[in-house]
Amino acid sequence: MAIINFGGVDENVVTRDEFPLEKAREVLKNETIAVIGYGVQGPGQSLNLRDNGFKVIVGQRKGKTYDKAVADGWVPGETLFEIEEACKRGTIIQYLVSDAAQIEVWPTVKKHLTPGKALYFSHGFGITYNDRTGIVPPKDVDVIMVAPKGSGTSLRRLFLQGRGVNSSYAVWQDATGRALERTLALGIGVGSGYLFETDFKREVYSDLTGERGTLMGAIQGILLAQYEVLRAHGHSPSEAFNETVEELTQSLMPLFAEKGMDWMYANCSTTAQRGALDWMGPFHDATKPVFEKLYESVASGKEAQISIDSNSKPNYREGLEKELKALRDSELWRTGAAVRELRPEK
């Protein structure tokens, strides 16, 4: 484990140098990793573990995702099972179904958490809000977490490119004395770039805030607001989209992802630099109260309850598709589809 200074604060970080893949394989050589759920995180984590040489099985109900697992090379009766059978066979149960589904499936999973097994999460939701979810593991199992900081799709794509998504890790309960080494081995096994330490509560608070904030909710709100202002003042859809989204994602984001925001600023025109420096303060002051309100809603459990109530409805998928369709059919993102078709690589 290395100590890395992040902006003046020392943190514990685990890289592939301190914990190489060979060591991870040795730690888990007698383990069967049962990945429960093949939706968002399940495919990326299970396939990366399999490709890295670990013994992996998948537990999934029959249906479209089960068929997807078969298409990905999981063999029914050998490496692909119904959820209960996979839980029975696994020594490490990776609980990767959605937060709402975790509540529904928990009685089945709990039944097979025999002494010495490990229960693995990629999100702190079920444990942190267990007064609402009812997920209270037995005292004689390890309860651990590796949370990749990206979608399952990104995790798999970057793995295939020889890269990795950074992940946080945590141990909530160490019943065997091996919980930490199991956690780190799994983190390396799923293809993490590096692992940084957290706990279940901090992970879910930061994750829910990020998803509703700059990662998804805030960015859509800000992009839409600027696009609407430009359109209202007579700018064409293509001009409004290029100035709002295309230049951001195709030109500027790669620059500050590479070397930081200051480097991106330094590689823009002096007019852009001056305007950005002058206006970042007003945007900060306008949005910080919204982020404070958001964090409080997360910390109070309100966001968790909204998610549980909404995602547990029988018609949840139908309602979700209507909302996503409205987003997809908006002028902003219909314009985006047209702009993407005109990119030079096309």
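Rounded to the nearest 0.5 Å, atoms CG (Leu327) and CG (Leu332) are 8.0 Å apart. A distance of 7.5 Å separates CD of Glu239 from CG of Leu230, quoted to the nearest 0.5 Å. Separating the OG atom in Ser151 from the CG atom in Leu215 is a distance of 11.5 Å, to the nearest 0.5 Å. Note that NZ of Lys293 and CZ of Arg212 are 14.0 Å apart. Values are rounded to the nearest 0.5 Å. To the nearest 0.5 Å, the span separating CZ on Phe283 from CG on Asp278 amounts to 12.0 Å.
Contact of the Glu203 side chain with the Phe200 side chain is not registered, since no non-hydrogen atoms from C-beta on lie closer than 4.5 Å. For the pair Leu160/Leu158, no side-chain contact is recorded, criterion being any heavy-atom separation below 4.5 Å from C-beta on. Proximity of Tyr129 to Ile103: side-chain heavy atoms (C-beta onward) are nowhere separated by under 4.5 Å. Leu248 is listed as a side-chain neighbour of Leu223, based on a closest heavy-atom distance under 4.5 Å. Side-chain contact between Arg16 and Leu21 is absent, with no heavy-atom pair separated by less than 4.5 Å.
Taking the charged nitrogens against the carboxylate oxygens, Glu228 and Arg231 have no contact shorter than 4.0 Å, which rules out a salt bridge. A salt bridge does not link Arg132 to Asp99: none of the charged side-chain nitrogens sits closer than 4.0 Å to a carboxylate oxygen. The pair Glu197-Arg202 does not count as a salt bridge, with every side-chain nitrogen at least 4.0 angstrom from each carboxylate oxygen. A salt bridge does not link Lys23 with Glu181: none of the charged nitrogens is closer than 4.0 Å to a carboxylate oxygen. Comment: Glu318 does not engage Lys313 in a salt bridge, judged by the lack of any side-chain N to carboxylate O separation of less than 4.0 angstrom.
Shortest non-hydrogen contact noted between Pro148 and Gln41 is CG-OE1, 3.8 Å. Taking both residues in full, the closest heavy atoms of Ile127 and Ile135 are given as CD1-O, 4.0 Å, listed atom of the first, atom of the second, then distance. The shortest heavy-atom contact between Gly189 and Phe54 is CA-CE1, 3.7 Å.
Taking a 6.0 Å sphere around NZ of Lys201, one finds it holds 12 or fewer heavy atoms contributed by other residues, nucleotides or ligands. In this structure, Tyr316 places its OH atom where more than 12 heavy-atom neighbours from other residues, nucleotides or ligands lie under 6.0 Å away.
If you chain together hydrophobic residues whose side chains sit under 4.5 Å apart, Ile93 and Leu49 never meet in one group.
A donor-acceptor distance shorter than 3.5 angstrom exists from the side chain of Gln273 to the backbone of Cys268, with no hydrogens or angles considered. For Asn48 (side chain) and Val190 (main-chain N/O), a donor-acceptor pair under 3.5 Å exists by modelled atom type. For Asn5 (side chain) and Gly8 (main-chain N/O), a donor-acceptor pair under 3.5 Å exists by modelled atom type. Looking at Asp142, its side chain does come within 3.5 Å of a backbone N or O of Thr176 through a donor-acceptor pair. Between the side chain of Gln173 and the backbone N or O of Pro138 there is at least one donor-acceptor pair closer than 3.5 Å. Under a 3.5 Å cut-off, the side chain of Thr91 and the backbone N or O of Glu31 do not form any donor-acceptor pair. Within the 3.5 Å criterion, the main-chain N or O of Gln102 finds a donor-acceptor partner in the side chain of Tyr95. No donor-acceptor distance shorter than 3.5 angstrom exists from the side chain of Lys88 to the backbone of His112, with no hydrogens or angles considered.
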(request) Apply side-chain contact (heavy atoms from CB on, under 4.5 Å) to the pair Gln45 and Leu96, showing each step before the final yes or no. (result) CA-CA 9 Å; Gln45 293 201 35; Leu96 300 183; 4.0 Å; yes
(request) Evaluate side-chain hydrogen bond (donor to acceptor under 3.5 Å, both in side chains) for Glu84 paired with Thr108, printing each intermediate quantity in order. (result) CA-CA 6 Å; Glu84 182 154 6; Thr108 299; 4.9 Å; no
(message) Please determine whether side-chain contact (heavy atoms from CB on, under 4.5 Å) holds for the pair Val56 and Trp74, giving the CA-CA distance in whole Å, both sets of side-chain angles, and the decisive distance to 0.1 Å.
(response) CA-CA 10 Å; Val56 187; Trp74 302 100; 3.8 Å; yes
(request) Evaluate the side-chain hydrogen bond (donor to acceptor under 3.5 Å, both in side chains) criterion for residues Ser192 and Ser167: first the C-alpha distance (whole Å), next the side-chain angles of each, then the deciding distance (0.1 Å), finally the verdict. (result) CA-CA 6 Å; Ser192 302; Ser167 303; 2.8 Å; yes
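None of Glu292, Lys302, Glu303, Gln305 except one satisfies the side-chain hydrogen bond (donor to acceptor under 3.5 Å, both in side chains) rule with Ser297; the exception is Glu303.
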